[in-house]
Amino acid sequence: MQEFEKISIAEIPKKDMLLILEALQYTGENKNLEEYLSLKNSIVSELSELADSSEEEFIDYLKK
């Protein structure tokens, strides 16, 4: 098996990325797992920065 240091998300459809982010949010809130919320926030922050948009704009984009 080939090992990876980083994994690209370039091929993940918008609806799947939104589902991942919503799952992290739901699990973090309902299981009181700050790590899940932190990971979700980190992903949104990085992706919105790459998209040159605010985090809210990026989430709205994923929902369209």
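Numbers here are sequence positions counted from 1. The basis for the numbers below is simple: all heavy atoms, side chains too, and nothing from hydrogens, waters or symmetry mates.
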To the nearest 0.5 Å, how far apart are [atom1] in [X] and [atom2] in [Y]?
{"X": "D52", "Y": "F58", "atom1": "CG", "atom2": "CZ", "result": "12.5 Å"}
{"X": "E57", "Y": "S48", "atom1": "CD", "atom2": "OG", "result": "9.0 Å"}
{"X": "D60", "Y": "L18", "atom1": "CG", "atom2": "CG", "result": "10.5 Å"}
{"X": "Y36", "Y": "L21", "atom1": "OH", "atom2": "CG", "result": "14.0 Å"}
{"X": "K40", "Y": "S45", "atom1": "NZ", "atom2": "OG", "result": "11.0 Å"}
{"X": "E22", "Y": "L62", "atom1": "CD", "atom2": "CG", "result": "9.0 Å"}

Item checked: Side-chain donor/acceptor of S42 to backbone N/O of S38, under 3.5 Å -> no
Does [X] belong to the same Ile/Leu/Val/Met/Phe/Trp/Tyr cluster as [Y], with side-chain heavy atoms less than 4.5 Å apart forming each link?
{"X": "Y61", "Y": "I9", "result": "yes"}
{"X": "L33", "Y": "I43", "result": "yes"}
{"X": "F4", "Y": "I20", "result": "no"}
{"X": "I12", "Y": "L47", "result": "yes"}

Notebook entry, point to check: Members other than L37 in its cluster, when Ile, Leu, Val, Met, Phe, Trp, Tyr link by side-chain heavy atoms under 4.5 Å?
Noted result: none
